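By convention in this document, chain letters (A, B, ...) are assigned in the order of the sequence lines, proteins followed by strands, and residues within each chain are numbered from 1. Quick caveat, the model's predicted, so the values are computed rather than measured.
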Protein chains: 2
Amino acid sequence: MPPRLDVDARRAQLARAVWHVVLTQGVGAVSVRTVAHEAGVAVGSLRHVFPTRAELLEFSAELIVQRAAERVRAVPQDGDPLAHALAVLEELLPLDATRRAEMEVNLALVAEAPALPRLAAIRDEAAAGIALLCRQAVERLGGRDDESTVRRLHALLDGLALHLLSQEPGEDVTWARALLRAELERIASHHG
Amino acid sequence: MPPRLDVDARRAQLARAVWHVVLTQGVGAVSVRTVAHEAGVAVGSLRHVFPTRAELLEFSAELIVQRAAERVRAVPQDGDPLAHALAVLEELLPLDATRRAEMEVNLALVAEAPALPRLAAIRDEAAAGIALLCRQAVERLGGRDDESTVRRLHALLDGLALHLLSQEPGEDVTWARALLRAELERIASHHG
DNA sequence: CACGTTGTAGCACGGTCGTGCCACAACGAA
DNA sequence: TTCGTTGTGGCACGACCGTGCTACAACGTG
């Protein structure tokens, strides 16, 4: 007895509409009306799956984190630890339109955190996940598993992400990949 | 013939009110009414110095950048290039309540950039200024003035700033200073 | 004194906001 | 068929929004 409406699909559709509004009109333009209109449904239908605006925003943020986590999980685990680590961490860099949009939306939603405390919690969970990935990368590369090594990698990763975000969508991104690769090679060469 | 009202002081007072609202209620709560109330003036008075809401927000963002630039300019230029570079770049890290608030507000305002394009321009100017400081630091430390060295330092700096922001206000910050110092020492030891 | 300038205070308009609430269609189960 | 469930669409309320506009007080200048 499947429900006549696929609630999860509808939720994802509305979350995508949120992302689109954020990207084109800014997070200030996100309202139940604009999002419903963007998704092509009535406000009442939106409110059937998201009774309040907060739930809509929180789900949208959670879905972004979840998508990124899935992409990381889907990275093939071949023999070369450096190539694998690079591939994993590059999934967290806005190197194409999709990842760029995700990061931009995430940043905008996080900026609303004082009003929606749940968003701060989502941000913290995501940060913890990325920190874990950095730690695993350091371990598999055989680097010193200093706390400082992990933290430097993590900070460098997020700093690169931030700078990629503020350059125009079409611009060159190879410099960022090269910098990340250099850091991973540097970690691998410092055995401890 | 000084004007009876110090317009610049009034503007700064209102900008501070903007910051306070952003920090306590989120950027979504910034309106001419809330800001005027926070500053203890009538809406009409606010609009006497900031005819539109956009001008209020833009000035608030500009003032933050300007303050940071002044702090950097005020760093004493002693003999040790490493200590000087460290002191300069630490001014751009949210290591105390003041710098923390500045950065938090800046992030929130930047998230509004799609709606207020002027804010994106302010963000880009600030980024260019920080990039210049990073370049100067690399030069004075005698490091390779690779583009990649400068970009790496800049990314690490902003990544550290981001991570400091998401930890609680009272927590330990020495790890970030240590990481920044290590990076500068590394640059100084790679002559080219 | 009168007069223009400067600054304060606030009313009112048209609009958008989130949300409570209801009417109604579509459907499966009885 | 009749019923309850599920989903759609939308009206309406009170609140808040930015801003155009006016009334008025306070002041320097003539």
Can you tell me the distance, in whole Å, between the [atom1] atom of [X] and the [atom2] atom of [N]?
X        : N      : atom1 : atom2 : value
A:Leu46  : C:dG20 : CG    : P     : 14 Å
B:Asp8   : C:dG7  : CG    : C1'   : 16 Å
B:His37  : C:dA9  : NE2   : P     : 13 Å
B:Glu55  : D:dG18 : CD    : P     : 14 Å
B:Leu116 : D:dG18 : CG    : C1'   : 13 Å
B:Arg53  : C:dT16 : CZ    : P     : 16 Å

Check whether any side-chain nitrogen or oxygen of [X] sits under 4.0 Å from OP1 or OP2 of [N], and answer yes or no.
X       : N      : result
B:Ser45 : C:dA9  : yes
A:Arg10 : D:dT8  : yes
A:His48 : D:dT8  : no
B:Arg33 : D:dC16 : no
B:Ser31 : D:dC16 : no

Determine whether the side chains of A:Asp80 and A:His84 contain a donor N or O and an acceptor N or O closer than 3.5 Å.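 There is no such pair between these side chains.
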Looking at [Y] and [X], is any side-chain nitrogen of the basic one under 4.0 Å from a carboxylate oxygen of the acidic one?
X        : Y        : result
B:Glu62  : B:Arg118 : yes
A:Glu139 : A:Arg135 : no
B:Glu183 : A:Arg152 : no

Side chain of B:Thr52 only, heavy atoms from C-beta on: which candidate in D:dC17, D:dT19, D:dT8 is closest?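 Looking only at heavy atoms from C-beta outward on B:Thr52, the closest nucleotide is D:dT19.
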State which of D:dG9, D:dG18, C:dC17 makes the closest approach to the side chain of A:Thr34.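 The closest nucleotide is C:dC17.
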Decide yes or no, distance alone: a donor-acceptor N/O pair under 3.5 angstrom between the base of D:dG20 and the side-chain of B:Arg47.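 Side chain to base: pair found, below 3.5 Å.
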Ring pair (Phe, Tyr, Trp, His ring centres under 6.0 Å) contacts touching residues 103-136 of chain A (sequence neighbours left out):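 Every pair satisfying ring pair (Phe, Tyr, Trp, His ring centres under 6.0 Å) with a residue in residues 103-136 of chain A: there are none.
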Between the opening five pairs and the closing five pairs of the helix from C:dC1-D:dG30 to C:dA30-D:dT1, how far apart are the helix axes, to 10°?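 Roughly 10° between the end axes, to the nearest 10°.
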According to a hydrophobic-cluster definition based on side-chain heavy atoms being under 4.5 Å apart (Ile, Leu, Val, Met, Phe, Trp, Tyr only), do B:Leu57 and B:Phe59 belong together?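 Per the 4.5 Å side-chain linkage, B:Leu57 and B:Phe59 are co-clustered.
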Test of understanding: with side chain to side chain contact (heavy atoms under 4.5 Å, CB included), list the residues that count as partners of A:Arg71, not counting sequence neighbours.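 Scan of A:Arg71 (side chain to side chain contact (heavy atoms under 4.5 Å, CB included), adjacent residues dropped) gives A:Ala68, A:Glu91, A:Arg99, A:Glu102.
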